[in-house]
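Computed from a predicted structure; not experimentally measured. So that the names make sense, note that chain A is the first sequence line, chain B the second, and so on, each numbered from 1.
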Amino acid sequence: MDKYEKVIELAKRRGFLWNSFELYGGAAGFYDYGPLGSTLKRRIEHIWRELYIIHEGFMEIETPTIGIEEVFVASGHVSGFSDPLCECRKCGEAFRADHLVDNMIDVADALSNTELDILIKDNDIKCPECGGDLGDAYEFNLMFRTAIGPGSGRAGYMRPETAQGMFINFQRLSKFYRDKLPFGVTQIGKSYRNEISPRQGVIRLREFTQAEAEIFINPHNKTHPNFERFSGTLVNLYSEDGQERGTIEQITIGDAVKQGIIAHEYLAYHIALTNHFLWRVGISPDHLRFRQHKKDEMAHYAIDCWDAEIETDRFGWIEVVGIADRTDYDLNAHAKTSKTELYVYIEYDEPKMVTNFVVKPDMGKLGPAFKGKAKSVANVLKDMTREELEQDVIKVIVNGEEFIVSPDLVKFTEERVKVSGENVVPHVIEPSFGIDRILYCTMEHAFNEEMVAAQEETGSNKSKDPKKEKRIIFKLKSEIAPVQVAVLPLMTKSELIEPANKIVAVIRDRGLLVSYDDSGTIGRRYRRNDEIGTPYSITIDYESLDDKSVTIRDRDSMDQVRTPIENIGNLIYELVYGEREFKNAGVPV
RNA sequence: GCGCUGGUGGUUUAGUGGCUAUGACUGAGGCCUUCCAAGCCUCAAACCCGGGUUCGAAUCCCGGUCGGCGCACCA
């Protein structure tokens with residue numbers, strides 16, 4: 001069993017996650033989160049919200065998971081996310097049908113599937129791999145398509161990313177932030193991609209959770225006001241050059257920007273923030289790196305793009321976060337498709353005096369001269385230069401038709417005007433997190449097996465080898481553990497159960513996730529809690545009744561301290577949220 | 001999607017064309033027990049789905065599905 005299998009086995013057995021629809025034989029690419037799994041997920045999302053929404057101030061929005069066709073036409077998903085495929089009947093290889101006929105026709109990518117089929121047949125195109133016959137071309141789009149409303153309805157798609165919901169709300173969001181850059185918006189939610197072959201459990205799903213931020217910044221100023229916070233932070237960078245050389249270098253965020261490895265401060269800040277988040281949820285820094293997209297794999301519009309990658313036992317380095325400078329691409333795309341300008345007005349520090357060359361066609365004379373064409377002629381005139389207008393006869397071409405305009409029909413002057421700002425299409429910095437993958441990685445990095453001394457058997461029949469046994473510990477960060485503390489009466493006796501229940505109530509009032517367990521021996525219960533990652537266990541024994549104290553056990557070290565019941569709720573809270581060290585939680589036992 | 005391979009209690013396993021389908025762990029109840037999966041008793045729980053061959057299929061065959069691996073795909 002490799003680590004992946006062990007983690008998945010534990011996850012299934014203990015109620016973290018499992019394949020969906022098991023009752024009906026399952027469906028690939030879908031996973032259910034069980035009681036502990038969904039709590040773990042919420043707690044990871046909670047930390048994300050704390051960092052991005054509370055700390056950075058990027059307010060969260062919620063938009064539909066179904067989008068109308070226009071949105072994905074604009075974003076490029078309708079055309080770019082779909083390709084005509086055709087497969088070899090003999091060897092099964094799949095090919096881009098349009099690529100197969102690329103050299104015999106100019107507009108291969110504009111052909112319908114039927115046209116492609118005819119071309120392939122007429123030209124007797126065979127499988128480039130094995131020479132076998134090719135099957136019919138079919139459209140494969142990674143988006144789930146659906147119909148909105150009855151009948152044929154309006155085409156809709158399950159969103160393949162949460163981002164578009166934020167872009168198309170740009171105007172309202174900009175107003176919300178009083179039209180001042182930079183501002184950021186976030187969304188955590190489900191996205192859908194009809195993967196051809198989803199595998200690797202939760203790593204590649206057809207329905208998955210994304211946490212995305214879209215940060216709209218001034219394209220003329222990509223410095224970050226709070227850059228100092230992270231300039232000294234060390235990160236593992238696997239830059240484009242590093243990939244050539246095969247080396248990952250450890251470097252501070254500040255130096256990476258100075259040396260031009262990361263394009264600018266704003267992007268670098270978000271690489272560091274991502275690094276911080278992944279550390280907070282328990283990803284081990286030794287198995288984390290940031291890989292720069294190579295020029296040829298980066299989307300053509302992006303300036304720079306880095307993926308956070310986490311090293312896993314079975315799958316190697318997997319991408320969990322993408323952090324990109326998408327420039328003004330998305331806003332421009334939606335502006336064009338929706339025919340609505342999307343921009344922010346940015347005031348200059350100092351108003352500028354600008355000399356404008358202004359053309360004033362005399363419509364009173366142009367009208368009678370050119371009748372219905374007068375307006376078009378005037379528009380062309382307005383764009384002409386002084387030199388062109390100073391000719392004896394002015395030639396104007398409208399839709400290929402030439403008009404001669406006499407100079408007395410148009411006046412022009414130079415005007416000095418004060419300009420205090422300009423309309424700017426913001427650039428977008430986009431950190432995009434795959435929550436399911438991160439969750440899996442936190443589980444894998446938390447998974448530990450260690451050998452511990454087994455209890456010595458009493459009596460004469462020492463049948464079992466008493467030396468060592470395996471302890472499984474899920475070393476989840478206490479902040480994300482789905483059970484934060486277990487309350488365990490030492491014996492299943494009512495005089496211990498009653499005070500134990502009182503302690504449970506006190507801790508719940510403090511807002512902590514508690515489990516109560518009185519089944520089996522104390523050792524068994526400790527092991528059970530080790531396996532689901534409960535960081536602390538409280539044990540109530542007979543002495544507790546006299547000295548009003550309990551024992552707290554630390555999951556990782558198995559050390560115990562004795563502490564008064566009186567302040568137990570606050571104490572556990574401080575332990576869980578890192579405000580107090582375990583050794584300061586009481587008297588060592 | 002293609003190829004190879006597998007699918008037995010919650011988990012992990014044994015096994016065979018034919019009794020009532022193993023065992024371990026876990027779980028539930030009880031006995032015992034004053035801090036790390038101890039012991040004893042009792043109980044619960046399974047042959048991926050559909051079709052075919054057969055007197056009889058969980059077992060053999062075909063198809064599907066799910067998992068794993070390889071190929072392809074991964075804006």
Counting only Watson-Crick or G-U wobble pairs whose two distances fall under 3.5 Å, which nucleotide matches [N]?
N     : answer
B:G63 : B:C49
B:C69 : B:G3
B:G39 : B:C31
B:C74 : none
B:C55 : B:G18

Distance check needed: [N] [atom2] versus [X] [atom1], whole Å only.
X      : N     : atom1 : atom2 : result
A:N19  : B:U11 : CG    : P     : 12 Å
A:R14  : B:G10 : CZ    : P     : 16 Å
A:E195 : B:C66 : CD    : P     : 15 Å
A:R471 : B:C36 : CZ    : P     : 13 Å
A:Q560 : B:C35 : CD    : P     : 10 Å
A:E495 : B:U33 : CD    : P     : 13 Å
A:L10  : B:G10 : CG    : P     : 17 Å
A:I522 : B:C35 : CD1   : P     : 10 Å

Span that lies between the [atom1] atom of [M] and that of [N], in whole angstrom:
N     : M     : atom1 : answer
B:A57 : B:C62 : C1'   : 14 Å
B:G30 : B:U12 : C1'   : 27 Å
B:A24 : B:C43 : P     : 14 Å
B:C40 : B:A45 : P     : 23 Å
B:U65 : B:U26 : P     : 38 Å
B:U54 : B:G18 : C1'   : 12 Å
B:C48 : B:G15 : P     : 15 Å
B:G63 : B:U11 : C1'   : 30 Å

Side-chain donor-acceptor pair under 3.5 Å between [X] and [Y], yes or no?
X      : Y      : result
A:Q210 : A:S191 : yes
A:R291 : A:Q243 : yes
A:S432 : A:E161 : no

What I want to check is whether an N or O donor and acceptor connect the side chain of [X] with the base of [N] at under 3.5 Å.
X      : N     : answer
A:R524 : B:C36 : no
A:S197 : B:A72 : yes
A:Y526 : B:C35 : yes
A:R13  : B:C25 : no

Query raised in the report: Which pair of non-hydrogen atoms, one from A:S478 and one from A:V576, has the smallest distance, and what is that distance?
Result: OG-O, 2.6 Å
**Report entry** Heavy-atom pair with the smallest gap, counting every atom of A:R525 and A:D518
**Finding:** NH1-CA, 3.5 Å
Query raised in the report: Hey, which of these two, A:A28 or A:R525, hits RNA chain B nearer its 5' end, going by closest nucleotide?
Result: A:R525
**Report entry** Closest-nucleotide ordering on RNA chain B, the 5'-leading residue of A:K12 and A:Y31
**Finding:** A:K12
Query raised in the report: Is A:Y4 near enough to B:G68 that one of its side-chain N or O atoms lies under 4.0 angstrom from OP1 or OP2?
Result: yes
**Report entry** Under-4.0 Å side-chain N/O to phosphate OP1/OP2 contact, A:R314 with B:C69
**Finding:** yes
Query raised in the report: Taking the six-membered ring for Trp, are the ring centroids of A:Y31 and A:Y440 within less than 6.0 Å of each other?
Result: no
Query raised in the report: Taking the six-membered ring where the residue is Trp, are the ring centres of A:Y192 and A:Y157 under 6.0 Å apart?
Result: no
Indicate, with a heavy-atom threshold strictly under 4.0 Å, whether [X] touches base, sugar-phosphate, or nothing.
X      : value
A:E531 : base
A:T521 : base
A:G520 : nothing

Query raised in the report: Has A:E495 got more than 12 heavy atoms of other residues, nucleotides or ligands less than 6.0 Å from its CD?
Result: yes
Choose from [options] the nucleotide whose nearest atom is closest to any side-chain atom of [X].
X      : options             : answer
A:E9   : B:U12, B:G1, B:C66  : B:U12
A:R527 : B:C66, B:A72, B:A37 : B:A37
A:T539 : B:G1, B:C35, B:U33  : B:C35

